[in-house]
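All ligand and atom numbering here is 1-based and tracks the order in the structure. Model, not experiment: these values are computed from the prediction.
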Amino acid sequence: MMTVDEILDQPELSRADMIRLLSISDDHEQKALIRKAYSVKTKTVGQKVYLRGLIEFSNLCRKNCFYCGIRNDNHKINRYSLSEDEIYRITAYAIQQRFTGIVLQSGEQNSPAFTKQLASLIAHIKKMANPPLRITLSVGEQSYETYQEWFNAGAERYLLRIETANESLYHKIHPDNAVHSFQNRLQCLENLQKIGFQTGTGVMIGLPFQTINDLADDLLFFKNRNMDMIGMGPYLVHSDTPFARFSASLLPSGERFRLSLRMIALLRIIMPDINIVATTALQTIDPTGRESGLLAGANVLMPNLTPITYRDNYLLYDNKPGSKEEELSDEFDSKLQQIGEKIEYNNYGDSIHFTKRNSHDCISCDNN
Ligand code: 5AD
Ligand code: SF4
C-alpha cells in the first residue's frame, strides 16, 4: 500500500486516493496532508488572508432544512430584518476597519419587495467607499432574473452551498417538496456562473447518513463544476431542529473537526487557486479552529459584523461563537501574525480561479 506521502507526490489524485486521505486516522498522516496543503497554498495564493465582513441582515426564511436553527418551523427565535440604516452603519464600520468586501447573508426570501430592496441596498453600498467594496450575496435560491438584477446593481460574488453533492443524501437532509429541490440548487449555481458572479458553494461535514465517499464526491463536484470559492465546515447540532435526534450517532466532534481540516487540505491540493473560507463552524468546535483552517489551506475569514443584539436569533447551530463579542481587525492581525499569515488590506482578494477563467487562459477549465 502507498504511504500518504507517496499518494501526495502523484501529479493527480484519484477518487480512491481522496477516500484514502479523507479516512486518515493517524496523527502523523494527518500532519503530512496538512503540511502538503499548506505548501500548495504558499505557492499559489500565498500566506495571505482576506477579510470579508459578514452581515446577517435577516433571519426570515421560507425553508425548513432539517439541520438549521433558523428554519421556518423554529418558532422559538425572534424573527428580525435590519433596517437599511442599520446595514449602512455596519457597512461604514467595515470600511473603517479596512475590509475590502462584505457578505450580505439572510435566510431565503423571495418576495418582489425583497428583491427590490436588496437591489437598492447593493447600489447604495457600492457608492459608500472608494474604491468600492466588493459585495457578496448569500440569500439562497432565486430566479435567473433576480440574480441578474442584483448583479447589475453591483454585487459580484454569490455563495450558495450545495450542502451535499449526493442527491439522495440531499433529500434526506431536507423536506421532500418543491421548495427543497436539488435540481433547482444546481440550476441556480449554473445561472450564477453564467451571469458572471464569482460563485461559491460548499457542504457540511459529518452530517447524519453522510459517508467518506460522499465527501470525496463533494470535492470532485467542486472541481468539475469549476467553483471559484468554497466554504465548508463541520455539521453542528441545533437542539431545536429535527436532526437533533441524531446527535448520538454523529462522529465525535473532535473527529468531525479533523475530518473538516482534511477536506480543506485536500481541496487546496486539487483546486490550488480558489478561495477557501475558514468557517465559523470550525471555530465553534475548537477555539483556534479558524487558524487551523488557514493552516490547512483556507485563505479567507468572514468576521461577523451582525449587531450583537441580533446574534442570538441567527444561531444556525448550538454554541455558535461570538454572540457576545465584537470582532476587530487588530485582534485578527496579531493572532494571524503568530501563525505566519498576513491580512491583505489593499487587495480585493478575488478568486484567482475566477480571474483566470475569465481571461480565458485557464487550460484546466473547459467550460469558460
Ligand atoms: N451546522 C453547520 N452548518 C450549518 N448550516 C446551517 N445549519 C448548520 C448546522 N446545523 C450552514 C449551511 C448553510 C450555511 C448558511 O450554514 O451549510 O448553507
Ligand atoms: Fe433557511 Fe439556509 Fe437555514 Fe435552510 S440553511 S433553513 S435555507 S437559512
J.: Are Arg79 and Asn74 side-chain neighbours, meaning at least one heavy-atom pair lies under 4.5 Å?
T.: yes
J.: Closer than 2.8 Å to atom 4 (Fe) of ligand 2, do we get an N, O or S atom from Cys65, backbone or side chain?
T.: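 Yes, Cys65 qualifies, because one of its backbone or side-chain N, O or S atoms lies under 2.8 Å.
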J.: Looking at side-chain heavy atoms only, is the closest gap between Glu84 and His124 below 4.5 Å?
T.: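 No, every pair of side-chain atoms sits at 4.5 Å or beyond.
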J.: Identify which of Ile173, Ile162, Leu236 has a heavy atom lying nearest to atom 9 (C) of ligand 1.
T.: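 Among Ile173, Ile162, Leu236, the closest heavy atom to atom 9 (C) of ligand 1 belongs to Leu236.
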J.: Can you confirm whether some protein heavy atom lies under 4.0 Å from atom 4 (Fe) of ligand 2, or whether none does?
T.: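 So far as the 4.0 Å threshold goes, atom 4 (Fe) of ligand 2 is in reach of a protein heavy atom.
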J.: Answer yes or no: is there an ion pair linking Glu29 with Arg20, defined by an N-O contact shorter than 4.0 Å?
T.: yes
J.: May I ask you to check whether Phe151 and Tyr158 place their ring centres under 6.0 Å from each other?
T.: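 Centroid distance Tyr158-Phe151: not below 6.0 Å, so no.
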J.: Please check if Phe114 and Val179 belong to a single hydrophobic cluster, counting links between Ile, Leu, Val, Met, Phe, Trp and Tyr side chain heavy atoms closer than 4.5 Å.
T.: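 No; Val179 is not reachable from Phe114 via cluster members.
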J.: May I ask you to decide if Glu141's main-chain N or O and Glu108's side chain share a donor-acceptor pair within less than 3.5 Å?
T.: yes
J.: Among all protein non-hydrogen atoms, which one is nearest to atom 11 (C) of ligand 1, and what is the separation to 0.1 Å?
T.: Arg161 NH1, 3.6 Å
J.: Check whether any N, O or S atom of Cys61 sits under 2.8 Å from atom 3 (Fe) of ligand 2.
T.: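 So Cys61 does not bind atom 3 (Fe) of ligand 2 by this criterion.
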J.: Relative to the heavy atoms of Tyr67, which atoms of ligand 2 are at a distance of less than 4.0 Å?
T.: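 Near Tyr67, the atoms of ligand 2 are 5 (S).
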J.: Hey, looking at atom 13 (C) of ligand 1, which of His238, Met232, Glu163 has the closest heavy atom?
T.: Glu163
J.: Using a 4.0 Å heavy-atom cut-off, say whether Ala281 meets ligand 1 through its side chain, its backbone, both or neither.
T.: neither
J.: List ligand 1 atoms under 4.0 Å from Cys68, heavy atoms only on the residue side.
T.: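 Those atoms are 7 (N).
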J.: Would Ile195 and Tyr144 count as a side chain to side chain contact (heavy atoms under 4.5 Å, CB included) if you check the C-alpha gap in whole Å, the side-chain angles of each, and the deciding distance to 0.1 Å?
T.: CA-CA 8 Å; Ile195 289 168; Tyr144 191 100; 3.6 Å; yes
J.: Considering only protein heavy atoms, which is closest to atom 3 (N) of ligand 1, and at what distance to one decimal place?
T.: Met204 SD, 3.5 Å
J.: For Ile125 and Ile122, run side chain to side chain contact (heavy atoms under 4.5 Å, CB included): C-alpha distance rounded to whole Å, both residues' side-chain angles, the deciding distance at 0.1 Å, then the answer.
T.: CA-CA 5 Å; Ile125 290 173; Ile122 295 164; 5.9 Å; no
J.: How far is atom 7 (N) of ligand 1 from its nearest protein heavy atom, and which residue and atom is that?
T.: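 Of the protein heavy atoms, Tyr67 CD1, 3.4 Å lies nearest.
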J.: Under 3.5 Å, is there a donor-acceptor pair between the side chain of Arg185 and the main chain of Glu163?
T.: no
J.: Judged on heavy-atom distance to atom 2 (C) of ligand 1, which of Gly233, Pro234, Ser106 sits nearest?
T.: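 Result: the heavy atom closest to atom 2 (C) of ligand 1 is in Pro234.
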J.: Which residue and non-hydrogen atom of the protein lie closest to atom 16 (O) of ligand 1, and at what distance in Å?
T.: Leu316 CD1, 3.4 Å
